[in-house]
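Fair warning: this is a prediction, and the values are worked out from it, not measured in the lab.
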Amino acid sequence: MISGSGTSLGILAYVLLVAALVLPVWTAYKRACAPEGIRIDHVVLFSFGFIFYGITPILLGVSHLGAANFALGIWYAYFDANVGSAQMVIYLAGMLLFYGAFILGSYAVHSVAAGPAGRGILSADIDCGALTLVWPAAVAFGGAYVWSVRTSLFHGYTAYSQTYMAGGTISAVTLVLLSFILLRMSFAEGLPVRARRQAALRLYIATFCIFALVLLSLGGRLYVVTSAMMVLTYLSVYRRRLPYRRVVVLFAVGIAIVGTIGVIRLGSGGLSPSALAENIFGEPLFTSFSLLNFLGQNRFELFNLPRFLAGDLLNLVPSFLFPTKSLYLPDPTAFGYVVYAPLGALHMFFSFMINFGLIGSACVLGGLGAWLSWVGAKNTPLARVIYSMTSGCLAFTLFRDPFSVSLVKNMLEFSILVPTVLTLGAHVVSVVSARQLRRLSHRTPTSYPVI
């Protein structure tokens with residue numbers, strides 16, 4: 001139950017909790033559902049992450065549902081010790097401010113963002129075959145790294161914890177390979193189906209699945225799910241809405257697989273519905289340890305300078321080039337913040353507050369929603385990939401990873417910079433190839449040859 005300094009604060013906390021549940025559910029429903037099927041876009045994914053990581057811990061903490069479970073009971077005791085009515089009101093009001101700003105930015109720009117992309121990298125054209133030139137190098141690097149950590153594969157969560165850099169590197173390789181797949185699909189839209197092109201795409205997908213399996217063996221289940229969200233976003237936004245039956249089946253199978261992998265990697269006992277439920281709901285609960293500790297400190301600032309995010313940009317340097325870079329990332333404890341993340345996950349409210357403050361975070365999230373609407377409406381091949389991959393990060397990593405991972409690595413590097421660099425490289429190769437063909441044939445081709 002909510003405890004605090006007065007009945008009025010307790011009532012207000014319950015009102016805000018209901019609003020924080022109803023608003024995103026209704027918004028996601030209106031955005032996603034139509035008679036022809038379901039559309040999974042950035043608003044839907046952000047709404048999911050908001051409920052799963054932002055509201056679920058508060059809802060369960062207030063209701064004490066599952067408090068009898070020994071493992072979860074530790075979390076409930078921590079919740080009761082740190083969260084009262086005053087903290088609840090400030091937190092829920094802040095989260096509603098964040099959500100409202102993101103939705104307002106998304107809808108404000110959505111109505112004016114449509115139109116031609118104009119000149120620039122978003123409008124670059126490439127020969128699909130040019131991507132194949134870089135693909136073997138990415139696969140060779142990933143394969144060599146997998147071989148170097150082969151003794152850590154399929155040994156559960158403990159082994160993964162001991163090979164954290166391995167998991168991060170394989171995650172990076174997997175996201176790069178996914179960039180290839182989405183770029184190949186996007187640049188081939190509207191072109192006639194050819195056997196060689198389809199065979200290449202199937203090879204890309206098969207290779208990606210192998211690396212995704214390796215990543216699962218290292219404990220990176222949420223990053224595999226994030227990759228699935230990226231693909232579903234691309235298919236449902238830029239091709240056609242997904243049939244309801246297919247979405248229900250995919251969701252049920254995905255929950256079962258993710259929960260099963262979680263139970264197995266923990267080695268905590270046999271599979272059962274209760275074990276699966278404990279593992280699924282344990283994700284947002286244990287992620288929120290950092291949130292509960294922060295709420296207990298009663299340190300709510302309106303504005304902050306993003307000094308930690310600025311330092312987190314160091315994480316753009318690949319781990320294999322700078323394996324000790326984590327030692328040089330900015331430490332919030334040096335500025336008086338207490339970081340309590342016993343299982344590694346860091347709640348988004350804590351990250352946003354120490355970097356931007358309440359009002360600053362609302363402005364940043366409003367800008368993020370506006371930018372995603374703008375990019376998504378451009379509907380060029382590169383814009384489609386950037387939009388799909390960035391949107392896919394909104395459901396999980398944005399809400400549960402430190403900014404050095406969520407914003408810097410997963411969103412800026414792998415969802416924006418990597419597809420852009422791959423497109424630029426393929427564009428240069430395509431232009432050079434076209435010029436060589438003109439010299440050989442002494443005539444100007446109407447388009448790049450499609451391989």
Kindly indicate whether a cation-pi arrangement holds for [X] with [Y], taking the cut-offs as under 6.0 Å to the six-membered ring centre and within 45° of the axis.
X    : Y    : result
R246 : F251 : no
R299 : F294 : no
R239 : Y234 : no

Looking only at non-hydrogen atoms, find the nearest pair between [X] and [Y] and report the distance.
X    : Y    : answer
S47  : A28  : CB-CB, 3.9 Å
I51  : V25  : CD1-CG2, 3.5 Å
L16  : A93  : CD1-N, 4.1 Å
L97  : A362 : CG-CB, 3.8 Å
F308 : P330 : O-CG, 3.3 Å
M389 : L178 : CE-CD2, 4.5 Å

- Test side chain to side chain donor-acceptor pair (under 3.5 Å) applied to Y340 - qualifying residues, sequence neighbours left out: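 Y340: no side chain to side chain donor-acceptor pair (under 3.5 Å) contacts found.
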- Quick one: do S236 and R241 satisfy side chain to side chain donor-acceptor pair (under 3.5 Å)? Show the steps, please. CA-CA 4 Å; S236 64; R241 289 177 178 266; over 6 Å; no
Using 0.5 Å steps for rounding, measure from the [atom1] atom of [X] to the [atom2] atom of [Y].
X    : Y    : atom1 : atom2 : answer
N304 : M353 : CG    : CE    : 7.5 Å
W26  : K30  : CH2   : NZ    : 4.5 Å
D312 : F403 : CG    : CZ    : 8.5 Å
L235 : L182 : CG    : CG    : 8.5 Å
I386 : L382 : CD1   : CG    : 4.0 Å

- Task: Check the pair Y337 / Q297 against side chain to side chain donor-acceptor pair (under 3.5 Å), numbers first and verdict last.
- Result: CA-CA 9 Å; Y337 294 103; Q297 298 175 48; over 6 Å; no
- Query: Parallel, tilted or perpendicular for F396 and F52, by the 30°/60° rule?
  - Reply: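 Because their plane-to-plane angle is over 60°, the rings of F396 and F52 count as perpendicular.
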- Give the ring-plane orientation class for Y99 versus F46, where under 30° counts as parallel, over 60° as perpendicular and anything between as tilted.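 Because their plane-to-plane angle is under 30°, the rings of Y99 and F46 count as parallel.
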Atom [atom1] of [X] with >12 non-hydrogen neighbours under 6.0 angstrom:
X    : atom1 : result
Y29  : OH    : no
R245 : CZ    : no
L250 : CG    : yes
F414 : CZ    : yes

- Task: Report the C-alpha separation of I40 and V237 in whole Å, then their side-chain angles, then the decisive distance to 0.1 Å, and conclude whether the side-chain contact (heavy atoms from CB on, under 4.5 Å) test is met.
- Result: CA-CA 7 Å; I40 302 174; V237 172; over 6 Å; no
- Task: Kindly say whether N410 contributes a backbone atom to a donor-acceptor pair with the side chain of S415 at under 3.5 angstrom?
- Result: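 Judged by distance alone, yes, a pair lies under 3.5 Å.
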- Do S288 side-chain atoms and L285 backbone N/O form a donor-acceptor pair below 3.5 Å?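 It does hold such a pair.
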Do [X] and [Y] make the cut of ring centroids closer than 6.0 angstrom?
X    : Y    : answer
Y78  : F289 : yes
F286 : W75  : no
H42  : Y387 : yes
F50  : F102 : no
H347 : F399 : no

- Which is it for T397 and D401 under the side chain to side chain donor-acceptor pair (under 3.5 Å) test, yes or no, and what are the steps along the way? CA-CA 5 Å; T397 183; D401 288 323; 2.8 Å; yes
- Determine, stepwise, if the pair N298 / Q87 fulfils side chain to side chain donor-acceptor pair (under 3.5 Å). CA-CA 7 Å; N298 287 307; Q87 291 86 358; 3.1 Å; yes
- Determine, for R240 against E36, whether the closest basic-nitrogen to carboxylate-oxygen distance falls under 4.0 angstrom.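 A salt bridge is absent here (no side-chain N lies under 4.0 Å from a carboxylate O).
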- Could you check W135 against T207 for side-chain contact (heavy atoms from CB on, under 4.5 Å), going step by step and ending with a plain yes or no? CA-CA 10 Å; W135 175 264; T207 308; 3.5 Å; yes
- Task: Just do the side-chain contact (heavy atoms from CB on, under 4.5 Å) check on F356 and L305 with the steps written out, would you?
- Result: CA-CA 6 Å; F356 304 108; L305 293 175; over 6 Å; no
- Task: Mind running side-chain contact (heavy atoms from CB on, under 4.5 Å) on L394 and V44 for me, showing each step along the way?
- Result: CA-CA 9 Å; L394 299 180; V44 174; over 6 Å; no
